[in-house]
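Proteins get letters first, then strands, A, B, ... in listed order; numbering begins at 1 in each.
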Amino acid sequence: MSKNKEIARIFEKMADILEFLGDNPYRIATYRRVANILSELNVDVEELVKSGKIYNIPGIGQSSVEKILEYLKKGKISKYEELKAKVPEDLLELMDVPNIGPKTLRLAYEKLGIRSKDDFLRAVRSGMLATLPGFGEKKLQNIMRGIELWEKSKERMTLIEAFEIGQEYLDYMKHLENLIEKIELAGSLRRRKETVGDIDILVSAPRQNWVKIHEHFVSFNGVKDVLLKGETKSSVVLENARQVDLRTVEPHQWGAALQYFTGSKEHNIRVRDIAKAKGLKLSEYGVFKADTDQWIGGSSEEEVYALLGMQTPPPEIRENAGEIELALEGKLPKLVSFQDIKGDFHIHTNWSDGIGTLEEMIETAYRMGYEYVVVGDHSLSSRVAKGLDVERYRQQWKEIDRLQKEYSSKGFYILKGCEVDILPDGSLDLPDSVLAEFDFVVASIHTRFSQDNTYRILKAIENPYVNLIGHPTGKSYGSRQGYPLDMEKIIKLARDTGTALELNTFRADLSPEHVRMCMAEGVYIAIVTDAHAPAHLKYMHLGVGLARRGWALPELVLNTKDIKGVKEFVLKKRKLLAVV
DNA sequence: GCCGTTTTCGGCCCGACTGTTTTCAGTCG
């Protein structure tokens with residue numbers, strides 16, 4: 001865990017304790033804000049301390065800086081140690097449980113002598129909690145349901161899973177076409193966060209339709225539990241323990257509502273600050289004059305931001321990580337978009353561990369509207385993945401040559417590629433003489449995930465035939481953390497050799513921070529689906545979203561090159577390392 | 001705890017739903 005995340009976690013915990021103790025809510029909000037800023041920061045906090053820039057970060061004041069310095073010096077924060085002594089830490093884990101908040105825990109602590117998580121769970125089940133004032137049967141039921149939910153869905157969804165569920169729900173809601181004006185997925189899913197907590201759906205419709213819309217929403221086939229149902233807001237839990245929320249607004253409120261429910265929270269707080277400074281008020285219902293409450297706009301997001309004198313930041317970068325300042329100055333960069341994408345660099349067929357045939361995968365890539373695709377089956381040492389030996393690759397090339405004849409007339413190109421294993425000593429699973437025969441080479445690590453693998457990747461980058469490092473960090477979504485890595489070294493060598501780094505849609509690897517580092521250093525990234533079935537190719541737009549979260553520029557995304565540009569990219573490295 | 005284009009003190013985003021409450025507190029996003 002990076003120092004940023006470690007310190008962020010401590011600030012988060014301090015906020016929890018302060019909340020439990022009933023401290024000033026604004027101080028608590030500040031601690032949480034500091035935690036959030038630290039974890040979203042794309043610079044190492046130690047760097048900021050060295051350069052003195054830590055003192056210039058809005059939202060991190062003197063007192064927080066002191067705590068950060070203390071942590072960097074002594075490895076702990078005395079204020080945190082002090083607070084920890086005042087409350088059983090394990091009890092506060094329950095703050096994450098839906099329907100349990102600080103007041104409930106505090107009451108149980110004081111009136112029932114509850115000292116731990118298990119104490120609390122026992123008190124719920126034994127009915128002891130029900131003896132507290134204000135705790136009726138329904139409240140108890142909600143708490144029990146919250147605990148059940150919490151235990152089941154501790155893990156957030158991957159972006160792809162959330163998108164699938166959201167899409168299915170959207171299709172279902174569209175049965176009400178005649179009642180609904182607009183409908184869209186909002187929240188962290190719209191921001192294309194790599195993991196999503198729950199799914200937010202926003203609908204605009206005339207008020208008289210709202211009751212019917214919410215009725216329809218909670219009647220979805222996969223619904224296990226209706227958490228709440230109102231005229232503007234409903235919330236359900238699906239059989240798979242995933243939560244979906246619906247909000248309805250009137251058509252003229254659409255933009256303000258979409259802006260609000262897209263978030264992030266940090267972004268919105270800043271935007272509302274800006275509104276206030278202009279004598280305006282921003283809510284999910286529109287932009288208003290602060291003094292008269294007169295509605296002055298909000299039917300589209302563009303209108304909302306324009307009224308605040310800003311460009312509209314793309315949803316993916318609304319994290320209060322610099323986008324607001326640039327939007328105010330009218331200087332937002334143009335990010336890569338799905339329309340820019342001309343090909344996919346990493347797909348598998350049933351020659352190795354894919355389930356689609358070569359023909360199916362290629363046809364699907366062609367139907368995506370691409371100009372080219374790289375077929376990249378595993379090399380031999382990936383035995384579980386049915387890796388190919390040299391002879392099998394040669395057989396596959398014959399097939400590709402045959403198919404290329406068909407597709408040439410359509411202006412579509414199939415590149416002979418491979419995903420060659422980077423072996424434990426950093427050498428590759430195929431000899432250079434064979435690698436030289438491929439059109440495009442992806443090199444990836446598939447073994448020894450717990451050791452520092454920097455040396456293996458550096459060695460692979462030095463190979464003149466390696467064009468792309470596959471899933472460089474070994475991370476998979478939020479779940480598998482990835483091996484320790486000196487990303488700065490890797491990025492510098494990638495820059496100096498003309499090697500690209502892969503943003504893998506299925507694993508959400510690289511992170512947005514890494515993408516920003518690549519952009520700053522002028523290193524190409526390639527957005528790939530790592531498709532193992534024809535249906536996977538369509539997730540490219542989610543990969544593009546992940547790249548946009550890292551402020552990816554089209555000129556440094558390899559997929560924006562046409563076939564000629566890709567061939568030049570490959571040739572350039574071979575020339576640079578003097579092998580042609 | 002943070003911050004300053006009416007401020008170095010006095011504010012801090014704002015609204016929905018539920019439950020037990022007869023006017024509001026707790027929780028959530």
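Across all strands shown, A/Pro25 has no heavy atoms under 4.0 Å from either base or sugar-phosphate atoms. When heavy atoms are screened at a 4.0 angstrom cut-off, A/Glu137 is found touching the sugar-phosphate backbone but no base atom. Counting non-hydrogen atoms under 4.0 angstrom, A/Val271 reaches nothing in the nucleic acid. Residue-level contact check: A/Gly59 touches the backbone only, with heavy atoms under 4.0 Å from sugar-phosphate atoms and none from bases.
If you check B/dC12, B/dG19, B/dG26 against the side chain of A/Asn142, the one that comes closest is B/dG19. Nearest to the side chain of A/Leu228, among B/dC14, B/dT18, B/dT27, sits B/dT18. Relative to the side chain of A/Arg247, the nucleotides B/dG1, B/dA16, B/dG15 differ in distance, and B/dA16 lies closest. Distance from the side chain of A/Asn24 is smallest to B/dG1 among B/dG15, B/dC13, B/dG1. Comparing B/dT20, B/dG26, B/dC28 by their closest approach to the side chain of A/Pro98 singles out B/dC28. The side chain of A/Lys281 lies closest to B/dC14, out of B/dC14, B/dG26, B/dC28. Checking B/dT20, B/dT27, B/dC2 against the side-chain heavy atoms of A/Ser64 singles out B/dC2 as nearest. Distances from the side chain of A/Glu284 to the nucleotides B/dG26, B/dT18, B/dG15 place B/dG15 closest.
In this structure B/dT6 sits in the anti conformation; its chi angle is more than 90° from 0.
Distances shorter than 4.0 Å separate none of the side-chain N or O atoms of A/Lys139 from OP1 or OP2 on B/dG19. In this model, the phosphate group of B/dC12 is not approached by any side-chain N or O of A/Thr30 to a distance below 4.0 Å at OP1 or OP2. Applying the 4.0 Å criterion to OP1 and OP2 of B/dG1, one finds that A/Arg27 has a side-chain N or O inside that range. The phosphate of B/dC28 has neither OP1 nor OP2 within less than 4.0 Å of any side-chain N or O from A/Ser235. Within the structure, every side-chain polar atom (N or O) of A/Lys276 is placed at least 4.0 Å from both OP1 and OP2 of B/dT7. The phosphate of B/dA16 has neither OP1 nor OP2 within less than 4.0 Å of any side-chain N or O from A/Tyr260. Remark: A/Lys67 is in phosphate contact with B/dG1, judged by side-chain N or O atoms under 4.0 Å from OP1 or OP2. Distances shown here put every side-chain N or O of A/Asn99 at or beyond 4.0 Å from the OP1 or OP2 atom of B/dG26. Listed pair A/Tyr31 / B/dG1 meets the phosphate criterion, a side-chain N or O lying under 4.0 Å from OP1 or OP2. Residue A/Ser63 places at least one side-chain N or O under 4.0 Å from the OP1 or OP2 atom of B/dG1.
Proximity of the aromatic rings of A/His541 and A/Phe163 is defined here by a centroid distance below 6.0 angstrom, and this criterion is met. Ring centroid separation for the pair A/Tyr172 and A/His216 comes in under the 6.0 Å cut-off. Here the two rings, on A/Tyr260 and A/Tyr285, have centers that are 6.0 Å apart or farther.
Remark: the A/Thr262 side chain and the A/Arg190 side chain contain an N/O donor-acceptor pair separated by less than 3.5 Å. Judged by distance alone, the side chains of A/Gln253 and A/Ser299 never bring a donor and an acceptor atom under 3.5 Å apart. When only modelled atom types and interatomic distance are considered, A/Gln62 and A/Tyr55 share no side-chain donor-acceptor pair under 3.5 Å. One side chain, A/Glu164 or A/Tyr539, offers a donor N or O that lies under 3.5 Å from an acceptor on the other.
Mapping A/Asp96 and A/Ile57 onto DNA chain B by nearest heavy atom places A/Ile57 at the nucleotide closer to the 5' end. A residue-by-residue look at A/Leu282 and A/Arg145 shows that A/Leu282 has its nearest nucleotide of DNA chain B further toward the 5' end.
The distance between atom CG of A/Asp273 and atom C1' of B/dC14, rounded to the nearest whole Å, is 13 Å. Distance A/Arg270 CZ to B/dC12 C1': 15 Å, rounded to the nearest Å. The distance between atom CG of A/Leu18 and atom C1' of B/dG1, rounded to the nearest whole Å, is 10 Å. Rounding to whole angstrom units, CD1 of residue A/Ile274 and P of B/dT5 are separated by 13 Å. Spacing between atom CD1 of A/Ile100 and atom C1' of B/dG26 amounts to 13 Å, rounded to whole angstrom units. Between the C1' atom of B/dT27 and the CD atom of A/Gln243 lies a distance of 12 Å, rounded to the nearest Å. Between A/Asp245 atom CG and B/dC17 atom P there is a gap of 12 Å when expressed in whole angstrom units. If you measure from atom CE of A/Met14 to atom P of B/dG1, you get 10 Å, rounded to the nearest angstrom.
The side-chain contact (heavy atoms from CB on, under 4.5 Å) test with A/Phe220 singles out one residue from A/Val236, A/Val244, A/Leu238, and that residue is A/Leu238.
Pair assignment for B/dC14: B/dG29, on the basis of Watson-Crick or G-U wobble contacts that are both within less than 3.5 Å.
The separation of B/dC13 from B/dC3, taken at their P atoms, amounts to 13 Å, rounded to a whole angstrom.
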